[in-house]
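Remember, it's 1-based here, ligands and their atoms both numbered in the order they're listed.
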Amino acid sequence: MIGLTILGATGSIGKNTLAVIRQNPERFRIQALTANSNVTEMLTQCLEFKPCYAVMLNDVAAAALAQQLKSLNCATEVLSGMDALCQVAALDNTDMVMAAIVGAAGLMPTLAAVRAGKRILLANKEALVMSGALFMAEVKASGAELLPVDSEHNAIFQAMPLAVQTNLGFCDLVAEGVSKILLTGSGGPFRYSEIADLAAVTPAQACAHPNWSMGQKISVDSATMMNKGLEYIEAKWLFNADEAQIQVVIHPQSVIHSMVQYTDGSVVAQMGEPNMCTPIAHAMAYPQRIPAGVKPLDFFEMGELTFLKPDYARYPCLKLAIDACHQGQAATTTLNAANEMAVDAFLTGQIGFTDIARVNGTVLDGMTVSEPDNIDALVDIDAMARIDAQQTINRVET
Ligand code: NAD
Ligand code: MG
C-alpha cells in the first residue's frame, strides 16, 4: 500500500484527497495528517483513517486533540509546531505528500518532502510562486517526483508529451513542439459585474465562486484573478515556459481545465467536471488511472463553451502577477506575501475588495530587495513584504 501524508488535511483539498482515498481504500494508507487548528475536523479524520501521526501547528489545539484521541482509545500520536509538520512530510513510511497548506506557510513542510525525495502532489501554489527556481532545483537534486494538483497545471501536464512530464522544470517546450500553454480561468464571480460596483462587494460575494468550491483565500484570489496570476508564475516554473509561451484565456464554464497548443496547429485540452478529486486522483495514481468519485462529463448537458480575453482594468491583480513573474523571485515573493495580507484584511472587513490590488501594487512599487539565492533570503523577503503590507493596509483603513 502507498503511504500518504496530507499537509493541510482539514482544508478543501485535504478533504477531497481523503474522498479519493475512500474510493481506493486498498491502494492508499494515511501515514500522517496535519492542520493548523481545526480540532473537530482532525479528530473525525483520525478516527476514520487512523494515521500514525496527527500534527497541529497550534500547541493548544494539539493538546486538545491528544486528550480527545486518548479518551477514544485512538493510537494516533499527536505532535505540534512547524518542525513536526516538516518531520511528518519526510517520514520513511511516507511515499507521497499532498502539499495542501494554504499560503507561504506551506513552503517549509513542502520543501521538507522535496528534500526527502517523495512524490509531491503539489496544490500549495504559493510555495512554488515564492521559491520557483530554488524549489525546482531542490526537486532535481533530491530526485523527488513532482505532480501538479492545481487543476490547470494538472490539465497542462496531461496534455504535454512524456518528455515534458518526466522533466518538469527543465523541459524544452520548443524541442517538444509546444508553441503555447493556454491557461484557462473562469473569471470568478465578478466577470460580468460593473467595474464601478467592485469596490463595494462583500467577502461572502467574493467567496461565492460560480463553478468551484474552495477555501476562502483561493476563492478571493479567483475573484481578483490573482489566482490566475499565481498560476501563471506556477506554470512558468513547472513547464520552464517564457512570457510568449503562456497565455491566459477566460473560459467561464470551467469545463476545459487548460490546453497546450503545438507547432503543427493541434490544441490538446483536458476536460472534466469542475471537481478537484479528478486532478488529485490523477496525481496520486500517475501514470495509472483510478476512480475519483467524479461524475462523467455529459456533453449534451454542457451547453456552449465560450472564451474571452482578460481585461486588466477588471483584474489589475492579474497584471501585477504577470509583471512580477518577469521581474523575478523577489517580486513574486513580495507580491505573494502582500496578497496574503491584503486578502486576509479584506476577509476581516479591514479593507475593500478593490483595495487588494491597491495594497499589492503599493508594496511591489516600494520593493527594494535584490534577488534571493537561498530559501532563508526568500523567507526574509516574505517577512519584510508583510510588514510593508500591514502598514499599507493601516493607511487604507484610516
Ligand atoms: P483551505 O483554507 O481550505 O485549507 C488550508 C489547510 O491548510 C487547512 O487544513 C489548514 O488547517 C491548513 N493551514 C492553514 N494555515 C496553516 C498554517 N499557517 N500552518 C499549517 N497549516 C495551515 O485551503 P484550500 O482551498 O484547500 O487550498 C490549499 C492550497 O491548495 C492553496 O495553496 C490553494 O491555492 C491550493 N489549491 C486549492 C484548490 C481548491 O479547489 N481548494 C485548487 C487548486 C489549488
Ligand atoms: Mg487552479
Exactly one candidate in Thr94, Val55, Asp95, Leu85 meets side-chain contact (heavy atoms from CB on, under 4.5 Å) with Thr5; the answer is Thr94
Nearest non-hydrogen protein atom, atom 19 (N) of ligand 1: Leu57 CD2, 3.4 Å
So what does the Glu231 OE2 - the Mg ion (ligand 2) - Asp150 OD1 angle come to, to 10°? 100°
Answer yes if the side chains of Glu231 and Asn227 hold a donor-acceptor pair under 3.5 Å, and no otherwise. yes
N or O pair under 3.5 Å between Ile13 and ligand 1: yes
Within-4.5 Å side-chain heavy-atom neighbours: Ser37 and Leu57: no
When you compare the side chains of Gln158 and Asn154, does any donor N or O come within less than 3.5 Å of an acceptor on the partner? yes
How far is atom 3 (O) of ligand 1 from the closest protein heavy atom, and which atom is that? Ser12 N, 2.9 Å
From the options Met82, Lys125, Met56, select the one whose nearest heavy atom is closest to atom 34 (O) of ligand 1. Lys125
Proximal ligand 1 atoms for Ile218, defined as those under 4.0 Å from one of its heavy atoms: 25 (O), 33 (C), 34 (O), 36 (N), 37 (C), 38 (C), 42 (C), 43 (C), 44 (C)
Between Lys180 and Gln247, do the side chains contain a donor N or O and an acceptor N or O under 3.5 Å apart? yes
Check this for me, if you would: do Lys217 and Glu126 make a salt bridge, where the nitrogen-to-carboxylate-oxygen distance has to be below 4.0 angstrom? yes
Which residue and atom name correspond to the protein heavy atom nearest atom 4 (O) of ligand 1, and how close is it? Gly11 CA, 3.1 Å
Output the list of atoms in ligand 1 that are nearer than 4.0 Å to some heavy atom of Ala123, sorted by atom number. 30 (O), 32 (O), 35 (C), 36 (N), 44 (C)
Exercise: do Thr306 and His251 side chains pair donor with acceptor under 3.5 Å: no
Is any side-chain heavy atom of Met259 less than 4.5 Å from a side-chain heavy atom of Gln270? no
Which ligand 1 atoms are under 4.0 Å away from a heavy-atom of Gly215? 3 (O), 25 (O), 41 (N)
For Ala105, take its heavy atoms, then give the atoms of ligand 1 lying under 4.0 Å from any of them. 17 (C), 18 (N), 19 (N)
Would you say Gly8 and ligand 1 have an N/O pair spaced under 3.5 Å apart? yes
Contact partition for Ile101 relative to ligand 1, non-hydrogen atoms under 4.0 Å: both
Against heavy atoms of Met276, which atoms of ligand 1 measure under 4.0 Å? 40 (O), 42 (C), 43 (C)
Atom 5 (C) of ligand 1 [closest protein heavy-atom partner, distance rounded to 0.1 Å]: Val102 CG1, 3.7 Å
Under 4.0 Å to a heavy atom of Ala35 - the qualifying atoms of ligand 1, by number: 11 (O)
Is there a heavy atom in Ala9 that sits closer than 4.0 Å to ligand 1? yes
From the list Thr34, Asp59, Asn58, side-chain contact (heavy atoms from CB on, under 4.5 Å) with Ser80 holds only for Asp59
Pairwise side-chain contact, Cys46 with Pro51, heavy-atom cut-off 4.5 Å (strictly under): yes
Ligand 1 atoms nearer than 4.0 angstrom to some heavy atom of Ala100 are 5 (C), 6 (C), 7 (O), 28 (C)
Could you tell me whether ligand 1 has any atom less than 4.0 Å away from a heavy atom of Glu126? yes
Test applied, salt bridge (charged side-chain N to carboxylate O under 4.0 Å, His left out); reference residue, Glu145; option that passes from Lys140, Arg119, Lys118: Arg119
Could you tell me which N, O or S atom of Glu152 is nearest to the Mg ion (ligand 2)? OE1
In ligand 1, the atoms that come under 4.0 Å of a heavy atom of Thr10 are 8 (C), 9 (O), 10 (C), 11 (O)
Taking the six-membered ring for Trp, are Phe239 and Phe157 ring centroids under 6.0 Å apart? no
Quick check: does Asp150 get an N/O under 3.5 Å from an N/O on ligand 1? no
Side chain to side chain donor-acceptor pair (under 3.5 Å) evaluation trace for His153 with Glu234: CA-CA 8 Å; His153 305 76; Glu234 188 184 8; 3.3 Å; yes
Shortest protein heavy-atom distance from atom 13 (N) of ligand 1, along with the residue and atom involved: Asn36 CB, 3.7 Å
